[in-house]
Amino acid sequence: FLLVALLSLLPTALGEPLQAPPDVWSVYHDWSSLTEVLADLCRTYPGLCANYTAGFSVEGRALWVLNITNPSAPGPKYQVFFEGAIHGDEVVASECCLYFAKRLLENFTRGDPVAQAILNATEVHVLCMVNPDGVERAKTATDYAEARKNAHGVDLNRNFDWYWGM
């Protein structure tokens, strides 16, 4: 409690006015804006990345996967998968995946040796938003516990098979 009280005084102590946080959807991507950004990345880096769909959400939204690799490098290649926003109220995970994909593409084209080594030996698959229905619900939700779930009311990572393909 004391820490929260002290932190709340910090802007006033620094002489800055206390302001409400910005609208989260002016900072983070919802499904529609993420779809546009992924398409833009594919247009900007046509030889390095392509979008494909891993299927559709309950409400019919495409589950876009960004495939990133250097097609000029010989294979076989390692396959790596990243995913974010399995819960609709966790959009920061989606942003982390998008940031990673952008930096990897930008750094590869700049000649960064680490990015080049990764994409020469690896095919990277990035599913930024596993639960787009939950993300859309989170935009207006007052109970974020419900926004975690998909449109069937399922908390997705509580529903995995425990055999894991074995």
Side-chain angles (χ1 to χ4, degrees), residues 19-73 77-112 114-161 164:
Q19 296 179 353
D23 174 32
V24 70
W25 301 110
S26 68
V27 179
Y28 298 122
H29 296 88
D30 61 6
W31 180 82
S32 296
S33 63
L34 178 66
T35 297
E36 291 174 22
V37 170
L38 295 176
D40 286 343
L41 285 174
C42 291
R43 283 189 290 272
T44 304
Y45 304 98
L48 295 175
C49 70
N51 254 342
Y52 67 90
T53 181
F56 295 88
S57 70
V58 174
E59 295 176 349
R61 293 178 180 91
L63 303 177
W64 295 118
V65 180
L66 194 62
N67 181 320
I68 308 169
T69 193
N70 179 4
S72 302
K77 294 185 177 186
Y78 296 105
Q79 302 292 312
V80 179
F81 178 75
F82 294 91
E83 56 88 4
I86 195 167
H87 296 125
D89 62 340
E90 296 173 353
V91 293
V92 173
S94 181
E95 297 299 319
C96 289
C97 286
L98 181 57
Y99 180 85
F100 168 72
K102 285 180 175 180
R103 294 297 86 75
L104 190 58
L105 290 163
E106 289 169 0
N107 290 345
F108 181 89
T109 58
R110 288 184 189 138
D112 177 76
V114 173
Q116 289 188 346
I118 291 170
L119 294 184
N120 287 343
T122 310
E123 196 168 325
V124 179
H125 305 266
V126 184
L127 172 54
C128 293
M129 195 174 288
V130 174
N131 184 6
D133 300 341
V135 170
E136 290 302 308
R137 220 173 12 269
K139 290 165 64 173
T140 58
T142 55
D143 179 5
Y144 283 95
E146 289 306 308
R148 294 175 59 85
K149 300 173 183 175
N150 74 358
H152 281 311
V154 175
D155 189 342
L156 296 174
N157 73 329
R158 303 288 193 267
N159 229 15
F160 290 136
D161 239 350
W164 291 94

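Since we're looking at a predicted model, the values are computed, not measured.
Residues Glu83 and Ile86 come closest through the heavy atom pair OE1-CB, 4.0 Å. Summarising the geometry of Thr69 relative to Leu119, their closest heavy-atom pair is OG1-O, 3.3 Å, with the distance given to 0.1 Å. Taking both residues in full, the closest heavy atoms of Ala101 and Leu66 are given as CB-CD2, 3.8 Å, listed atom of the first, atom of the second, then distance.
Counted by atom type alone, Asn150 and Asp133 present zero donor-acceptor pairs between their side chains at under 3.5 Å.
Taking CE from Met129 and CG from Leu38, the interatomic distance works out to 9.0 Å, rounded to the nearest 0.5 Å. The CH2 atom of Trp64 sits 13.5 Å away from the CG atom of Leu41 when rounded to the nearest 0.5 Å. Residue Asn131 holds its CG atom at 8.0 Å from OG of Ser57, rounded to the nearest 0.5 Å. Glu36 CD to Asp30 CG: the interatomic distance, rounded to the nearest 0.5 Å, is 8.5 Å. Within the model, atoms CZ of Phe56 and CG of Leu63 stand 8.0 Å from one another, a figure rounded to the nearest 0.5 Å. Summarising the geometry, atom CG belonging to Leu104 is positioned 10.5 Å from atom CD belonging to Gln116; distances are rounded to the nearest 0.5 Å.
Residues forming a side chain to side chain contact (heavy atoms under 4.5 Å, CB included) with Ala117 (at least two apart in sequence, or on another chain): none.
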Throw together a table of side-chain donor-acceptor distances under 3.5 angstrom for residues 88-100, partners on residues two or more places apart or in other chains.
| unit_1 | atom_1 | unit_2 | atom_2 | d |
| --- | --- | --- | --- | --- |
| Glu90 | OE1 | His87 | ND1 | 3.0 |
| Glu90 | OE2 | His87 | ND1 | 3.2 |
| Glu90 | OE2 | Arg148 | NH1 | 3.2 |
| Ser94 | OG | Cys128 | O | 3.1 |
| Glu95 | OE1 | His29 | ND1 | 3.0 |
| Glu95 | OE2 | His29 | N | 2.8 |
| Glu95 | OE2 | His29 | ND1 | 2.9 |

In residues 42-52, what donor-acceptor pairs under 3.5 Å come from side-chain atoms, sequence neighbours left out?
| unit_1 | atom_1 | unit_2 | atom_2 | d |
| --- | --- | --- | --- | --- |
| Arg43 | NH2 | Asp40 | OD1 | 2.3 |
| Thr44 | OG1 | Asp40 | O | 2.8 |
| Tyr52 | OH | His125 | ND1 | 2.9 |

**Request:** Under the side-chain contact (heavy atoms from CB on, under 4.5 Å) rule, what do Asn70 and Phe108 come out as? Steps first, then yes or no, please.
**Result:** CA-CA 9 Å; Asn70 179 4; Phe108 181 89; 3.6 Å; yes
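Other residues, nucleotides and ligands place no more than 12 heavy atoms under 6.0 Å from the OH atom of Tyr78.
At distances below 3.5 Å, at least one donor-acceptor pair connects side-chain atoms of Trp31 with backbone N or O atoms of Ala62.
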